[in-house]
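All values reported here derive from a predicted model rather than from experimental measurement. Below, all heavy atoms of this structure are taken into account, side chains as well, without hydrogens, waters or symmetry copies.
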Amino acid sequence: STWPTYRNEQYGFEVGYPENWSVQVSLNKPIGNTPSIVSFDSPETQQASGSSPQKNQAFMVSRIDTIFDINEDIKMNKLGATIIDKQAIIQELKVTMAGKIAQQISLRYRDSSGDNQYFINTYTIHDGKTYQFSLTAFGDYAESRLSEITTVYSTALSTFKFMAEF
């Protein structure tokens, strides 16, 4: 089946997402330290009650307009994960995002309360701006469905295009 496409004229990109996921347009409002443009929430995230992260899975697209050091951000992510959990699983890859070489880091660790945390950040540069495509998944949900979560993220990443490429 084909996925719907989210298209953002202002920021010049499009990306596919699973049809049962919700789209949350934030247009550069910070989510954590990152100015998110749009996020996509899984049905499980939509059903999660309150602040309980047990079924949280989402991915988001961000653009960082300030000078941004991708390698420094990756280094800080790795450091943070290993401080929290000495057994953290960290993988760095070179991947393709919108036809460009991109850097990717995946982090898998248990937080101080023992809950699973899983993140993937993929970064590329386009027109002098850093674009970040991120996945977050938490709790037992992340642990039990890691393969499926990774497949959804990889599939969405493969649909990401900058509009100049159309």
Side-chain angles (χ1 to χ4, degrees), residues 1-48 53 55-78 80-81 90-108 117-138 141-142 145-166:
S1 75
T2 60
W3 285 0
T5 299
Y6 170 81
R7 186 176 173 118
N8 188 299
E9 303 280 343
Q10 180 180 350
Y11 289 91
F13 70 87
E14 72 173 32
V15 63
Y17 60 95
E19 61 186 337
N20 58 343
W21 287 41
S22 67
V23 178
Q24 308 294 324
V25 178
S26 46
L27 293 182
N28 248 7
K29 292 181 189 140
I31 293 180
N33 295 325
T34 307
S36 168
I37 296 169
V38 61
S39 63
F40 304 87
D41 296 330
S42 69
E44 294 81 7
T45 297
Q46 297 166 47
Q47 295 163 10
K55 292 186 177 235
N56 190 345
Q57 177 189 355
F59 58 86
M60 73 178 191
V61 178
S62 307
R63 186 179 82 184
I64 302 146
D65 294 339
T66 56
I67 294 172
F68 184 78
D69 185 334
I70 295 170
N71 291 320
E72 183 66 19
D73 195 61
I74 288 174
K75 187 171 101 179
M76 296 310 290
N77 276 300
K78 287 166 56 175
I90 299 168
Q91 182 179 25
E92 287 183 73
L93 297 170
K94 295 278 189 211
V95 297
T96 302
M97 179 175 169
K100 300 171 181 284
I101 296 294
Q103 289 177 261
Q104 185 177 86
I105 181 171
S106 63
L107 305 163
R108 190 170 152 206
Q117 305 284 323
Y118 185 61
F119 299 94
I120 304 175
N121 292 329
T122 304
Y123 310 84
T124 197
I125 308 291
H126 181 71
D127 287 344
K129 312 282 187 204
T130 302
Y131 283 78
Q132 180 178 331
F133 189 70
S134 305
L135 167 102
T136 57
F138 303 104
Y141 175 83
R145 297 174 70 181
L146 199 55
S147 176
E148 176 188 339
I149 289 167
T150 305
T151 299
V152 167
Y153 176 80
S154 297
T155 303
L157 180 64
S158 74
T159 70
F160 186 95
K161 294 180 177 78
F162 292 110
M163 290 190 186
E165 297 167 4
F166 296 165

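Residues passing the side chain to side chain contact (heavy atoms under 4.5 Å, CB included) test with A102 are V95, M97, T122, T124, sequence neighbours excluded. R145 is linked by a salt bridge (Lys or Arg N to Asp or Glu O under 4.0 Å) to E44, E148, counting only residues two or more places apart in sequence or in another chain. Qualifying side chain to side chain contact (heavy atoms under 4.5 Å, CB included) partners for P4, counting only residues two or more places apart in sequence or in other chains: Y17, E19. Every residue two or more places apart in sequence or in another chain that forms a side chain to side chain contact (heavy atoms under 4.5 Å, CB included) with K129 is listed here: R63, D65, Y131. Under the side chain to side chain donor-acceptor pair (under 3.5 Å) criterion, E9 pairs with R7, not counting sequence neighbours. With sequence neighbours left out, the side chain to side chain donor-acceptor pair (under 3.5 Å) criterion links N71 to Q103.
One finds the OH atom of Y123 at 10.0 Å from the CD atom of Q104 (value rounded to the nearest 0.5 Å). Once rounded to the nearest 0.5 Å, the distance linking OH of Y118 with OG1 of T150 reads 3.5 Å. One distance of note links CD1 of I70 with CD of Q132; it measures 9.0 Å at 0.5 Å rounding. Residue L93 holds its CG atom at 9.0 Å from CD1 of I120, rounded to the nearest 0.5 Å. Atom CZ of F59 sits about 14.0 Å away from atom CG of N121, to the nearest 0.5 Å. Separating the CD1 atom in I37 from the OG atom in S62 is a distance of 6.5 Å, to the nearest 0.5 Å.
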Between F162 and D127, does the side chain to side chain contact (heavy atoms under 4.5 Å, CB included) criterion hold? Intermediate values first, please.
CA-CA 10 Å; F162 292 110; D127 287 344; over 6 Å; no
Go through it in stages, so that I can follow the logic: the residues are S22 and Q24, the test is side-chain hydrogen bond (donor to acceptor under 3.5 Å, both in side chains), and I'd like the CA-CA distance, side-chain angles, deciding distance and then a yes or no.
CA-CA 7 Å; S22 67; Q24 308 294 324; 3.2 Å; yes
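Contact check for V61 versus Y11: no side-chain heavy atoms found under the 4.5 Å cut-off. Two residues are said to be in side-chain contact when any heavy atoms from C-beta on lie closer than 4.5 Å; L135 and I149 meet this criterion.
Closest of all the heavy-atom pairs between K100 and I125 is CD-O, 3.4 Å. The minimum heavy-atom distance between M163 and F13, with the atom names listed, is CE-O, 3.3 Å. Smallest separation of non-hydrogen atoms from G16 and W3: C-CE3, 3.5 Å. The minimum heavy-atom distance between A156 and F133, with the atom names listed, is CB-CZ, 3.8 Å.
Taking the six-membered ring for Trp and thresholds of 30 and 60 degrees, Y6 and F40 have ring planes more than 60 degrees apart, a perpendicular arrangement.
Judged by distance alone, with hydrogens and angles left aside, the side-chain atoms of N77 form a donor-acceptor pair with the main-chain N or O of D73 at under 3.5 Å.
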